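Take a look at the structure set out below.
Note that this is a predicted model, so its numbers are computed, not measured. Each chain gets a letter, A, B and so on, in the order the sequences are listed, and its residues count up from 1.
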Number of protein chains: 2
Amino acid sequence: MKKTKLGEFEELVLLTVAALQHDAYGVEIKRELETRLKEKLSVGSIQSALKRMEEKGFLTSAFGEATLKRGGKRKRIYHTTSHALKVLEEMRAIRADLWRSIPLTASDLKMI
Amino acid sequence: MKKTKLGEFEELVLLTVAALQHDAYGVEIKRELETRLKEKLSVGSIQSALKRMEEKGFLTSAFGEATLKRGGKRKRIYHTTSHALKVLEEMRAIRADLWRSIPLTASDLKMI
DNA sequence: ATTTTATTCTTAATTGCAGTAGATATCAAT
DNA sequence: ATTGATATCTACTGCAATTAAGAATAAAAT
């Protein structure tokens, strides 16, 4: 693999940040990903993935504006770097190529 | 992310096994994946991923027939289980949905 | 028959991602 | 002041990912 490597979970978090755009902060990313994966996630796992990816240059972050909402610490809003989008696209292409080269049988298709 | 328990690298190896069909043994998987990823891999990383995935029920294995080639140990041929194909398809669907929900701008597209 | 070369798998040890548990911070409502 | 809701941060543990060296098998060369 690569030096600038992305883990499986990190990739999902990164894609979610890209999808959420300006609303990409820890707790909201957690909600969105829980909906999509249909399973419970811990906030900590998201936060540590975000932190790792910021250190590796996949994300930048800045504190969000104060909201009219009830309370809580200031939101840390994340944003994908162009490098992140490149890497995501590379991985998508590699997987797409692999899928295209898999000769699926009729019985395989039934199982899926 | 507890349910699937399939790592980033494991998924790539698993897809390669599915693509190679009856030729899916360690060294050949290494060659194929090196070509696709355009980077060098160690044999050990492939072998340990294969072993882990067999223990987890994603793969089965059996020794291959003798060949006309020069020498070497007996090949251990791997085969994906139906469970593996299901999990792979689930992951593909989740990523595809995420990609669909990413609003790419013109400048994003240029960078990719 | 012994050595060399080619091919493949195995094991041991290290690094770093994934996930848990709990602490910390902020503000509204009671 | 206490409770409840919203949010981040940190320290820790398990296991996936990777490296590096070694062991096993067998054809080909000598």
Roughly how many Å is it from [atom1] in [X] to [atom2] in [N], rounded to a whole number?
| X | N | atom1 | atom2 | value |
| --- | --- | --- | --- | --- |
| B/L33 | D/dA17 | CG | C1' | 13 Å |
| B/M53 | D/dC15 | CE | P | 17 Å |
| B/L41 | D/dT19 | CG | P | 9 Å |
| B/L6 | C/dC17 | CG | P | 18 Å |
| A/I46 | C/dA18 | CD1 | C1' | 11 Å |
| A/E55 | D/dC9 | CD | P | 12 Å |
| B/R52 | D/dT18 | CZ | C1' | 9 Å |
| A/F9 | C/dG19 | CZ | C1' | 8 Å |

Within the distance-only criterion (no hydrogens, no angle test), does the side chain of B/T81 pair as donor or acceptor with the backbone N or O of B/G57 below 3.5 angstrom? yes
Measure all distances between protein nitrogen or oxygen atoms and nitrogen or oxygen atoms of nucleotides 9-13 of chain C, and list the pairs falling under 3.5 Å.
residue : atom : partner : partner atom : Å
C/dC9   : OP1  : B/R76   : N            : 2.9
C/dC9   : OP2  : B/G26   : N            : 3.4
C/dC9   : OP2  : B/V27   : N            : 3.2
C/dC9   : OP2  : B/Q47   : NE2          : 3.0

Linked hydrophobic residues, B/Y25 as query - side chain contacts closer than 4.5 Å: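 Hydrophobic cluster check, B/Y25: joined to B/V27, B/I77.
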Tell me whether A/E34 is salt-bridged to A/R31, with the criterion being a basic N under 4.0 Å from an acidic carboxylate O. no
Taking 4.0 angstrom as the limit, do A/E11 and A/R95 come out as a salt bridge? yes
Counting side-chain heavy atoms from CB outward, which of D/dA17, C/dT8, C/dT20 is closest to A/S42? C/dT20
Could you tell me whether the side chains of A/T16 and A/E32 share a donor-acceptor contact shorter than 3.5 Å?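 Side-chain D/A pair, A/T16 to A/E32: absent.
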Does anything in residues 12-25 of chain A form a salt bridge (charged side-chain N to carboxylate O under 4.0 Å, His left out)? List the pairs, not counting sequence neighbours. none
